[in-house]
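Lettering follows sequence order; numbering is per chain, from 1.
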Number of protein chains: 2
Amino acid sequence: MDRRHQEVIDFSSSLSDVWRLLNEKERELLRKSASVQHFKKNQMIYGENDEPKFLMCLLKGKVKIFKEGVGGRSQIIRMIKPVQYFAYRAYFAGEKYLTAASAFEACSVCLIPMPVVEDILKHNFALCKYFIHQLSVDLGIADERTVNLTQKHIRGRLAESLVFLIDSYGLEEDSTINIYLAREDLANLSNMTTSNAIRTLSNFVMEKVITLDGRKIKIIDEEKLRKISKLG
Amino acid sequence: MDRRHQEVIDFSSSLSDVWRLLNEKERELLRKSASVQHFKKNQMIYGENDEPKFLMCLLKGKVKIFKEGVGGRSQIIRMIKPVQYFAYRAYFAGEKYLTAASAFEACSVCLIPMPVVEDILKHNFALCKYFIHQLSVDLGIADERTVNLTQKHIRGRLAESLVFLIDSYGLEEDSTINIYLAREDLANLSNMTTSNAIRTLSNFVMEKVITLDGRKIKIIDEEKLRKISKLG
DNA sequence: TTATAACAATGTTATATAGCACAAAAGTAC
DNA sequence: GTACTTTTGTGCTATATAACATTGTTATAA
């Protein structure tokens with residue numbers, strides 16, 4: 001049994017959400033056509049304007065989805081954690097990718113050819129429903145985000161990003177956020193410059209909302225943080 | 001034949017996109033369960049936090065979808081024209097409405113109970129695909145919009161809104177945009193204050209990109225407008 | 001070890017845009 | 001018609017934030 005096949009067997013147990021919606025025949029189809037690929041830290045998974053070919057499922061690691069904006073400034077659109085599906089929007093819309101994805105840390109990604117997914121969709125209403133639901137949720141998040149990023153002030157935006165990171169990746173026992181972002185990434189997530197991300201973080205430290213140790217962010221007063229996030 | 005039924009017959013011919021995907025039985029089901037409602041100018045169609053119950057199809061008029069942001073500032077998320085479907089995202093996501101919708105001018109809206117839609121979806125893959133496609137396209141637009149609204153400067157954002165209006169509602173023979181927005185709405189679409197919308201419009205007039213006559217906006221140099229929109 | 005680069009912190013300056021006040025114009029109601 | 005509200009247009013001021021420059025700090029490599 002070659003290594004590749006081995007991995008396919010492995011991942012199938014963890015594809016949870018989608019896997020549960022399939023019958024044995026469909027699962028067999030996936031086992032045959034899916035493959036696992038590994039990405040090094042900062043490696044590109046797909047780029048803006050690439051042709052979408054695969055439904056991707058993040059098995060291990062963290063992925064950032066981002067867009068290059070005006071003047072090279074990049075905006076992080078969302079972060080992916082295991083086990084989340086991504087990279088399917090463009091295909092369904094009949095477009096090229098509008099965003100890019102890169103491995104935020106070393107990643108294992110399961111690739112399922114979109115035509116295979118489409119074939120299964122034809123006879124599997126539960127899976128259709130899954131995608132409709134997922135896309136609807138994401139669209140809601142995107143609409144929220146538009147208003148938050150444009151209308152909230154810098155403190156509110158940064159606080160919101162921290163809350164988002166807490167909710168996505170959780171806290172360690174010592175209340176450290178379970179992901180280590182460079183200040184620049186935090187800025188790209190919050191729509192501000194790196195300097196302002198740094199400054200505002202310092203302010204939060206002074207106000208005893210967080211403490212900093214390099215890229216480690218420890219949450220001291222989560223309630224206050226959520227309040228700052230809400231009030232903009 | 002009562003007036004209501006009459007209207008149902010009328011609309012069925014114009015529901016185009018979706019209607020085409022249905023068989024006779026499904027159409028009959030729609031005819032029975034759908035109804036048409038009229039809204040006066042500025043009347044609320046649904047509000048933030050309302051429970052979503054209907055798939056809506058705009059038959060006549062114009063609708064704006066917006067969100068109340070920080071400090072009463074509202075942000076127009078998208079505009080709907082005939083014959084477009086809307087109001088379904090929240091139901092599919094299992095959420096209340098995150099946005100509000102109001103009649104921008106006198107409107108006729110066809111209401112289809114979401115449970116009926118879901119019933120049809122179960123056995124109609126083409127319709128599933130329609131929604132998956134539509135949601136995917138909208139999600140792409142939302143992602144684009146996030147970056148544009150946050151990173152482009154005021155001229156770029158206003159120009160983009162004008163281009164959007166041209167593409168959505170078209171131009172009359174004399175190159176007037178086919179929708180008459182208050183400066184405030186234009187501002188809410190472009191994420192700026194009313195004063196700045198007015199000022200920037202005036203600048204565009206001076207630069208001979210447009211001319212103004214009250215709310216009538218006549219496009220003089222569309223190419224230049226698109227250029228301003230692109231370059232931020 | 002030193003050299004080199006990437007990142008973090010912070011102060012200073014410049015500027016885009018919001019906020020406000022007020023006047024003019026246009027709609028709307030009575 | 002008059003009174004009233006809403007919308008539009010402009011100028012002025014305040015301010016949030018970007019842009020830039022500098023310095024300190026930490027990693028990485030030679």
Practice task
Just jot down the side-chain contact (heavy atoms from CB on, under 4.5 Å) partners of A:Lys81, sequence neighbours excluded, or say none.
Solution key: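 side-chain contact (heavy atoms from CB on, under 4.5 Å) check on A:Lys81 returns A:Gln84, A:Tyr169.
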
Problem - Student check: side-chain heavy atoms of B:Asp221 and B:Lys208 closer than 4.5 Å - result: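 Contact flag for B:Asp221/B:Lys208 side chains = no.
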
Exercise for the section: Return yes when atom CD of B:Glu51 has more than 12 non-hydrogen atoms of other residues, nucleotides or ligands closer than 6.0 Å, and no otherwise. Expected result: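 Enclosed: over 12 neighbouring heavy atoms sit under 6.0 Å from CD of B:Glu51.
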
Taking [atom1] from [X] and [atom2] from [N], how many angstroms apart are they, rounded to a whole number?
X	N	atom1	atom2	value
B:Asn42	D:dT6	CG	C1'	12 Å
A:Ile198	C:dA6	CD1	P	16 Å
A:Lys216	D:dT26	NZ	C1'	15 Å
A:Gln151	D:dA16	CD	C1'	16 Å
A:Phe204	C:dA9	CZ	P	14 Å
A:Glu184	C:dA8	CD	C1'	12 Å
B:Asn203	D:dT8	CG	P	17 Å
A:Leu201	C:dT10	CG	C1'	14 Å

Handout entry: Under 4.0 Å protein heavy-atom contacts per nucleotide of nucleotides 17-26 of chain C, with B for base, S for backbone only and - for none
Key = SBBB------

Practice task
Please determine if a side-chain N or O atom of A:Arg183 lies less than 4.0 Å away from the OP1 or OP2 oxygen of C:dA6.
Solution key: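 Looking at the OP1 and OP2 atoms of C:dA6, neither is under 4.0 Å from any side-chain N or O of A:Arg183.
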
Roughly how far, to the nearest 0.5 Å, is [atom2] of [Y] from [atom1] of [X]?
X	Y	atom1	atom2	value
A:Glu207	A:Thr200	CD	OG1	9.5 Å
B:Leu231	B:Lys152	CG	NZ	8.5 Å
B:Asn203	B:Met206	CG	CE	4.5 Å

Problem - Bend angle of the helix from C:dT1-D:dA30 to C:dC30-D:dG1, from helix axes over five pairs at each end, nearest 10° - result: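 Taking the rotation axis at each end, their angle is 40°.
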
Exercise for the section: Would you tell me whether B:Thr146 and A:Thr146 have side-chain atoms, one donor and one acceptor, within less than 3.5 Å of each other? Expected result: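 Result is yes, a qualifying pair exists.
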
Problem - Any donor-acceptor pair under 3.5 Å from B:Glu48 side chain to B:Thr99 backbone - result: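 Checked: no pair found.
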
Practice task
Please work out which of the three classes, parallel, tilted or perpendicular, describes the rings of A:Phe92 and A:Phe131, given edges at 30° and 60°.
Solution key: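 Rings of A:Phe131 and A:Phe92: perpendicular, over 60°.
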
